[in-house]
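In this text the structure is predicted, and so the values were computed from the model without any measurement. Convention: sequence-line order gives letters A, B, ...; per-chain numbering from 1.
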Amino acid sequence: MEQLKQGADALFILLGAVMVLAMHAGFAFLELGTVRHKNQVNALVKILVDFCVSTLVYFFVGYTVAYGVDFMVGAGTLAQNNGYALVKFFFLLTFAAAIPAIISGGIAERAKFGPQLMATAVIVGLAYPLVEGAVWNNRFGFEDWLQSVTGAPMHDFAGSVVVHAFGGWIALPAVLILGARRNRYRKDGAMSAHPPSSIPFLALGSWILAVGWFGFNVMSAQTIDKISGLVAVNSLMALVGGTLVAVLMGKNDPGFAYNGPLAGLVAVCAGSDIMHPAGALVVGAIAGAIFVVMFTLVQNRWKIDDVLGVWPLHGLCGAWGGMAAGVFGQQALGGIGGVNLGTQVLGTVIVVLCALATGGLVYGVLNKVAGLRLSQEEEFEGADLSIHRIKATPEQEVSW
Amino acid sequence: MEQLKQGADALFILLGAVMVLAMHAGFAFLELGTVRHKNQVNALVKILVDFCVSTLVYFFVGYTVAYGVDFMVGAGTLAQNNGYALVKFFFLLTFAAAIPAIISGGIAERAKFGPQLMATAVIVGLAYPLVEGAVWNNRFGFEDWLQSVTGAPMHDFAGSVVVHAFGGWIALPAVLILGARRNRYRKDGAMSAHPPSSIPFLALGSWILAVGWFGFNVMSAQTIDKISGLVAVNSLMALVGGTLVAVLMGKNDPGFAYNGPLAGLVAVCAGSDIMHPAGALVVGAIAGAIFVVMFTLVQNRWKIDDVLGVWPLHGLCGAWGGMAAGVFGQQALGGIGGVNLGTQVLGTVIVVLCALATGGLVYGVLNKVAGLRLSQEEEFEGADLSIHRIKATPEQEVSW
Amino acid sequence: MEQLKQGADALFILLGAVMVLAMHAGFAFLELGTVRHKNQVNALVKILVDFCVSTLVYFFVGYTVAYGVDFMVGAGTLAQNNGYALVKFFFLLTFAAAIPAIISGGIAERAKFGPQLMATAVIVGLAYPLVEGAVWNNRFGFEDWLQSVTGAPMHDFAGSVVVHAFGGWIALPAVLILGARRNRYRKDGAMSAHPPSSIPFLALGSWILAVGWFGFNVMSAQTIDKISGLVAVNSLMALVGGTLVAVLMGKNDPGFAYNGPLAGLVAVCAGSDIMHPAGALVVGAIAGAIFVVMFTLVQNRWKIDDVLGVWPLHGLCGAWGGMAAGVFGQQALGGIGGVNLGTQVLGTVIVVLCALATGGLVYGVLNKVAGLRLSQEEEFEGADLSIHRIKATPEQEVSW
C-alpha cells in the first residue's frame with residue numbers, strides 16, 4: 001500500500017515533468033513560427049541548448065540553492081523511495097528552464113549564441129533559484145515575512161509570478177539593452193511589419209504548450225493525493241477565456257488567436273487551485289485582452305522590439321495572474337479563500353523588481369563584456385547562416 | 001487507500017482528457033494539410049475557436065442537459081473528491097468538441113466563420129447532449145426502451161456512434177447545403193483535383209489523432225479499476241487493419257494511408273471493450289475499405305465536396321463500428337458477449353436520423369438567416385486572407 | 001487494493017506503450033526532415049506501414065517466439081487482470097517495431113517499398129524475438145550461460161543493445177548491399193552534400209523521440225512498484241550530455257544538435273537504472289562525440305551512404321551503452337553495482353554479430369530475389385512520385 005502510494009507519486013510527478021519537457025518543444029516551434037525564415041534554425045537550437053545548460057546548472061547548483069537538496073550521493077541512495085526526489089527535481093527543472101525559453105522569444109533574431117547561454121547559466125543557476133526558494137520554500141523567511149506584514153503568505157500555486165512574471169520581466173531589460181532588429185523601426189517613424197514566417201509552426205508550438213500546461217498546473221500538486229480536478233478545469237477555462245477574447249479583439253488574427261490560450265494559461269497558474277471555473281474564465285479573458293492591447297502598444301507605439309511579445313504574455317499576464325489569485329480566490333467570488341489581495345500585490349511587485357534587477361544586471365554586464373548582438377552583416381544574413389551555417393529548408397535551395 | 005483510489009481515478013480520467021484535448025491539434029493539422037494553402041490559417045483558427053465555444057456551451061448548458069450536473073457551487077465543493085466530477089466533465093467535453101471538429105473538415109475552404117460558430121454552439125450545447133444523454137445516461141429512458149424492444153441496451157463503449165457517426169452524419173447535410181468549392185466540379189463534367197497542400201502536416205495531424213485515440217478509448221472506462229488492456233490492443237489492431245487495407249486499396253496514396261488508421265479507430269470505439277483483437281483487426285480492415293471506396297465514390301462519382309471525407313470516415317465507419325460491435329462482440333466470434341446485433345443496428349439508425357435532422361435543421365436555418373458561404377471573391381482569395389488577413393507563411397512573401 | 005495495484009500497473013505500462021507509439025511519429029519526421037524533399041512522403045508512409053506490419057507479425061508470431069505467450073483465447077480471458085498481458089504486449093511491440101524504423105533511416109531515398117516490408121516481417125517476426133527472448137527472457141538459457149561464463153547476466157534495462165544496437169547493426173549490411181544514392185559520391189571523389197530538406201521537421205521528429213523516450217526507459221520497469229526516478233533523471237542527463245557535446249563538436253550544426261539528444265538516450269537505456277546521474281551525463285556526452293565523429297567518418301571518408309546515420313546513432317551508441325552499463329553501473333563510480341564489464345562486452349558483441357548476420361542474410365537474399373533498389377529513373381524522380389504518385393506539398397505546384 002505504502003509502496004503503491006510511493007510509486008503512484010513518482011509516476012504522477014514524472015508525468016508532469018514529461019509534459020513540461022514537451023512544452024520546451026512548444027517554445028521552440030512558437031518561436032520558429034514567429035521569427036523570420038532566416039532565423040528558424042537558430043530558434044530550434046537555442047531552445048534545446050538553453051534547456052541543456054539549464055539542466056546542468058540547476059542540477060549541480062540551482063536546486064541546492066532553492067531547496068537545499070543535492071544529489072552527490074550513491075545511486076543506490078538516490079533510487080530509494082522510487083527515486084521520488086529525483087523526479088521532483090526533474091519536474092522543477094522543467095519550470096526553471098522555462099525562464100531562458102521565455103526570454104529567448106523576446107531577444108530573437110539578433111542575439112549572439114554564446115552570451116545568451118552565459119545569461120542562462122547565471123539566471124537558472126542562481127537568480128531563479130533564489131526567487132523560487134523564497135516563494136516556494138520560504139528561503140530567507142520570505143513567506144513568513146510576507147505573512148507577518150500582510151497577514152497571509154503569497155499564493156502562487158503553479159508559478160504565474162515565480163516562473164512567468166519573473167521570466168517576462170527579465171526579458172524586458174534584455175530586449176531594451178539589445179535594441180530593435182535592424183530595419184524594424186525606421187528613422188522616419190515607419191515600421192516594417194516582420195510578419196511570422198509560419199503560422200502552422202507557430203500554432204503547433206502553441207498547441208504543444210497548451211496541452212503540456214495541464215502537466216505544469218495539475219502536477220504542481222506534487223503528490224497524487226493532492227491532485228485536483230479544479231486545477232485542470234480552471235486551466236481549461238482560462239485557456240478558453242484568453243483565446244476567445246484574443247480572437248475577438250485581435251480580429252481573427254492567427255497570431256493573437258494562438259497566443260490567447262497561452263495568455264490565459266499564464267494568468268491562471270497562481271490561483272488555479274482556489275478559483276471557481278467561472279472566475280478562471282474571467283481571469284483568462286482579461287489576460288487575453290491584456291496581451292492584445294499591450295502587444296500592440298509595445299510594438300507599434302512604444303517601439304520596443306519584443307519579438308514574440310514575451311513581456312506582455314509572460315510578464316504582464318503573469319503579474320495579473322498573481323494579483324488575480326488574490327481577487328478570484330476569495331470566497332465572495334466563489335473561490336476557496338485563504339488569500340489576500342495585498343499580499344499578492346506586494347509579492348508580485350517584489351518578484352517583478354527582482355526580475356528587472358536580474359535582467360538589467362546580467363544582460364547589461366554581458367553586453368559590456370561580451371557583446372550581446374550579432375554584427376549588422378550577421379543579422380542581415382540571418383542567425384541560421386551566421387551561426388549554424390545552414391538554412392531551415394536547405395535542400396530545396398540546393399536542388400533547384 | 002480510498003484517497004489513493006480517488007486520486008488515481010482523477011489522474012486516470014485527466015490523462016484521457018489531456019490526450020483527447022491533444023487530438024484537437026490533430027484535427028487542426030489534418031485539416032490544414034488537406035485543404036489548399038490559402039485556407040490553412042483558417043483551419044487552425046476554426047478548430048481552436050470551435051473548441052473554446054464548445055467548452056463554454058457544454059460547461060454552462062450541455063453537460064447539465066446530458067447528465068443533470070451543474071457546477072454553479074463554490075470552488076470548495078467542486079474540489080471535493082479531488083475534483084473528480086470536474087475532470088470527468090473535461091474528459092466528456094473533449095468528446096463533445098469533436099463534433100464541430102469533425103464537421104469542420106467537411107465544410108472547409110468555403111464556409112463563413114461566424115455562422116459556423118453559431119452551429120457549434122447549438123450542436124454542442126443542445127443536440128449532442130441530448131443524444132449523448134440518451135445513449136450514455138439513459139435520458140428519456142432511451143436505453144430502457146431499446147432493451148424492452150430488442151432485449152439489450154445499445155453498446156457504444158467509446159462513441160463510434162454517439163460521437164463519430166453523429167458528427168459525420170451532421171456533416172453530410174451541411175456539406176450538401178453549402179455546395180461544392182467553386183471550380184471543383186465543372187459544368188462539362190470535369191473535376192479539378194484540389195490536392196492537399198501538405199502531406200507532412202496531414203500526417204502529423206493523423207499521428208496526433210491516432211496517439212490521442214488511446215486516451216479516447218481506454219479512458220472511456222472512466223475509473224482506473226475498470227481500465228482494460230483489451231481496449232488498448234483492440235484499438236491498436238483496428239488501427240493496423242485500417243491502415244494496411246487503405247494502403248493496399250489506395251495504392252500507396254499517402255492521403256489514404258494516413259486516413260486508414262483513423263477509419264479503423266473510428267470503427268473500433270463501440271466494441272473495443274468486448275471484441276477479440278483478431279475481430280478488431282477485421283473491423284478496422286473493413287473500415288479502411290469503406291473509407292477508400294466511399295471517399296472515391298462520394299468525391300468522384302457523386303460529386304459531393306466533403307473536403308476531408310468526414311462522412312465516409314466518421315459517418316460511415318462510425319455506423320459500421322456500432323453495428324460491428326453487435327457482430328464481433330459475440331462470444332461465437334471470440335468476443336465477451338452481451339450484445340445484440342438488432343439493438344446495435346436500431347440504435348445506430350436512430351442516432352444517424354437524429355444527426356441528419358440536426359444537420360439539416362441547423363445548417364438549413366443558418367443558411368437562410370445568416371448565409372453559410374463566403375462570397376465568390378473571398379473564396380477565390382482564400383479564407384486566410386479574407387477572414388484572417390494573413391497567409392500561412394506570410395514572411396516568405398514579404399521578404400522576397 | 002490488489003485491484004488498484006493491478007489497474008495502476010496496466011495504466012503504467014499503457015502510458016509507456018502510448019509514449020513509444022508516439023516515438024514512431026518521431027522516427028517518421030526525423031527521416032522526413034533529413035531526406036530530400038522528393039522522398040518525404042515515402043518516409044511518412046514507410047514508417048507507418050512498417051509499424052503496422054510489425055504489429056501483425058509480432059502479435060501472431062514474434063511475441064510467442066520471445067515470451068511463449070499467445071492470445072488465441074477468448075476475449076473474456078484476455079480481459080482478466082485488467083488485460084495487463086495485452087498491454088505488456090503493446091509496450092514490447094513498440095520496441096520491436098523500432099527495429100525497422102531504425103533501418104528505414106539508413107536505406108532511405110532509394111529502397112523499394114515491397115521488399116522492405118518483407119524484411120520487416122522477417123526481422124520483427126523472427127530475428128528480433130530470438131534476440132529479445134535470449135536477453136530478456138533467458139531463451140536458450142542465454143542469460144544463464146552468460147552468467148556461468150562471466151559471472152553475471154547481461155544487463156540491458158531498456159534496450160541499448162537489444163533494440164538500438166541490434167537495429168543499427170542490421171542497417172549496416174543493408175546500407176552496404178543497397179549502395180549509395182546516385183550522385184552522392186562521384187567517380188572523381190567529389191561528394192554532393194544532399195542536405196536535409198527541413199530542419200524544422202527534423203527537429204520535430206527529434207523532440208517527439210526525446211519526449212517519448214521517457215516512456216521507453218521509465219516504463220521498462222513494467223510495473224508501477226518498480227518505477228524509478230533514477231531512470232528518468234539518468235535519461236535526462238544523457239540527453240543533455242549528448243546534446244551539448246554534439247553542438248560543440250558539430251559546431252552548432254542543427255543536424256548534430258538534434259541527433260545529440262538521441263545519441264545520449266540510445267546509450268543510456270542499458271544502464272539507466274543503475275548509474276549515477278553524473279555517470280549518465282558522461283555516457284551521454286561520449287555518445288554525442290561518437291555520433292559526430294563517426295557520422296562524419298562514415299559519410300565523408302568511408303563513403304557509406306547511411307542517410308540518417310543510423311549505424312553510428314543506434315549501432316555504435318547502442319553498443320557503447322551496453323558496455324558503459326558495465327563501467328558506470330559499478331559502485332566505484334557511484335552506480336548501484338551488480339554488473340560486469342566482461343559480460344556486457346561479450347553480450348553486446350554477440351548481439352552485434354546476430355544483427356550483422358540477420359542484416360546480411362535478409363537483405364542479401366531479398367536483393368537477389370526481389371531486388372531492393374528503385375530503378376535509376378524512379379530514384380531520380382523521387383520515391384514520392386514513383387511509389388506514391390504525389391509530392392509532399394502537391395497543392396502549391398498545381399495552383400500556381
Side-chain angles (χ1 to χ4, degrees), chain A residues 1 3-4 6-8 10-11 13-15 17-18 21-22 24-25 28-29 32 40-42 44-45 48-49 51-53 55-56 59 71-76 78-79 81-90 93 113 198 201 204 208 384 387-396 398-399, chain C residues 1 4-5 8 11-12 15 19 35-38 193-200 203-204 207-208 210-211 214-215 218 223-233 236-237 239-241 243-244 247 251-255 257-258 261 273-279 281 329 331 334-337:
Chain A
M1 166 67 195
Q3 197 176 11
L4 181 57
Q6 210 170 258
L11 175 62
I13 201 161
L14 173 77
L15 290 171
V18 169
L21 170 63
H24 288 267
F29 283 97
L32 179 156
Q40 287 186 342
V41 169
N42 185 238
L44 289 170
V45 178
L48 177 64
V49 177
F51 178 81
C52 292
V53 169
T55 304
L56 283 193
F59 185 82
F71 299 118
M72 292 302 108
V73 295
L78 294 177
N81 300 320
N82 292 99
Y84 179 81
L86 282 172
V87 209
K88 186 177 162 188
F89 154 78
F90 184 8
L93 157 71
F113 196 38
S198 170
F201 280 124
L204 178 64
I208 298 172
D384 292 1
I387 300 178
H388 309 284
R389 300 187 319 286
I390 196 166
K391 296 180 75 169
T393 49
E395 184 261 341
Q396 297 188 343
V398 168
S399 66
Chain C
M1 167 66 197
L4 181 58
K5 167 80 172 69
L11 175 62
F12 179 68
L15 291 171
M19 289 171 78
V35 300
R36 285 169 296 170
H37 193 259
K38 64 183 174 184
H194 289 31
S197 56
S198 170
I199 306 295
L204 177 64
W207 271 111
I208 297 173
V211 172
F214 288 85
V218 175
T223 51
I224 198 168
D225 56 302
K226 297 208 271 302
I227 187 177
S228 167
L230 186 61
V231 173
V233 169
L236 174 71
M237 297 307 269
L239 180 164
V240 166
T243 306
L244 291 177
V247 168
K251 293 171 188 155
N252 300 334
D253 177 273
Y258 269 94
D273 61 330
I274 52 169
M275 300 190 292
H276 187 274
L281 182 66
Q331 289 192 321
I336 288 180

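Residue A:Leu32 touches chain C through its side chain alone, counting heavy-atom pairs closer than 4.5 Å. If you measure heavy-atom distances from A:Ile13 to chain C, you find no contacts under 4.5 Å at all. In this structure, the portion of C:Val247 lying under 4.5 Å from any heavy atom of chain A is its side chain and not its backbone. Residue contact with chain A, scored on non-hydrogen atoms closer than 4.5 Å, is absent for C:Val231. With a threshold of 4.5 angstrom between heavy atoms, A:Ala17 does not approach chain C through any atom at all. Both the backbone and the side chain of A:Leu11 come within contact range of chain C, judged by heavy atoms closer than 4.5 Å. With a threshold of 4.5 angstrom between heavy atoms, C:Lys226 approaches chain A through N, CA, C or O but not through any side-chain atom.
C:Ile224 CD1 to A:Gln3 CD: the interatomic distance, rounded to the nearest 0.5 Å, is 10.5 Å. Here the straight-line distance linking atom CD of A:Gln6 with atom CG of C:Asp225 works out to 10.5 Å at 0.5 Å rounding. Here A:Leu86 contributes atom CG and C:Leu236 contributes atom CG; the two are 10.0 Å apart, rounded to the nearest 0.5 Å. Interatomic distance, CG of C:Leu239 versus CG of A:Leu48, reported as 7.0 Å (0.5 Å rounding). From C:Leu15, atom CG reaches atom CG of A:Leu15 across 6.0 Å, with rounding to the nearest 0.5 Å. Distance check, rounded to the nearest 0.5 Å: CG of A:Asp384 to CG of C:Asn252 gives 11.5 Å.
Between A:Gly76 and C:Ile336, the shortest heavy-atom distance links the atoms N-CG1, 3.5 Å. The minimum heavy-atom distance between A:Leu56 and C:Met237, with the atom names listed, is CD2-CE, 4.4 Å. C:Trp207 and A:Leu21 make their closest contact through CZ3-O, 3.9 Å (heavy atoms, listed as atom of the first residue, atom of the second, distance). Here the closest heavy-atom approach between residue C:Pro200 and residue A:Ala392 is recorded as CD-O, 3.3 Å. Annotation for A:Thr393 and C:Ser198: closest pair CG2-CA, 4.3 Å, computed over non-hydrogen atoms. Nearest heavy-atom pair, C:Val240 versus A:Cys52, reported as atom, atom and distance to 0.1 Å: CG1-O, 3.6 Å.
For the set C:Ile274, C:Val211, C:Val218, C:Ile208, the entry with the most heavy-atom pairs within less than 4.5 Å of chain A is C:Val211. In terms of heavy-atom pairs under 4.5 Å with chain C, the best-connected choice from A:Phe71, A:Tyr84, A:Phe29 is A:Phe29. Among A:Val87, A:Leu44, A:Leu78, the residue with the largest count of heavy-atom pairs under 4.5 Å with chain C is A:Leu44. Counting heavy-atom pairs closer than 4.5 Å to chain C, the top residue among A:Leu204, A:Asn42, A:Val53, A:Val73 is A:Val73. Ranked by heavy-atom pairs shorter than 4.5 Å toward chain C, the options A:Val41, A:Leu4, A:Val45 are led by A:Leu4. Among C:Asp273, C:Ile227, C:Leu230, the residue making the largest number of heavy-atom pairs under 4.5 Å with chain A is C:Ile227.
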Q: Let me see the working for C:Met19 and A:Val18 under side-chain contact (heavy atoms from CB on, under 4.5 Å), right down to the final yes or no.
A: CA-CA 10 Å; C:Met19 289 171 78; A:Val18 169; 3.6 Å; yes

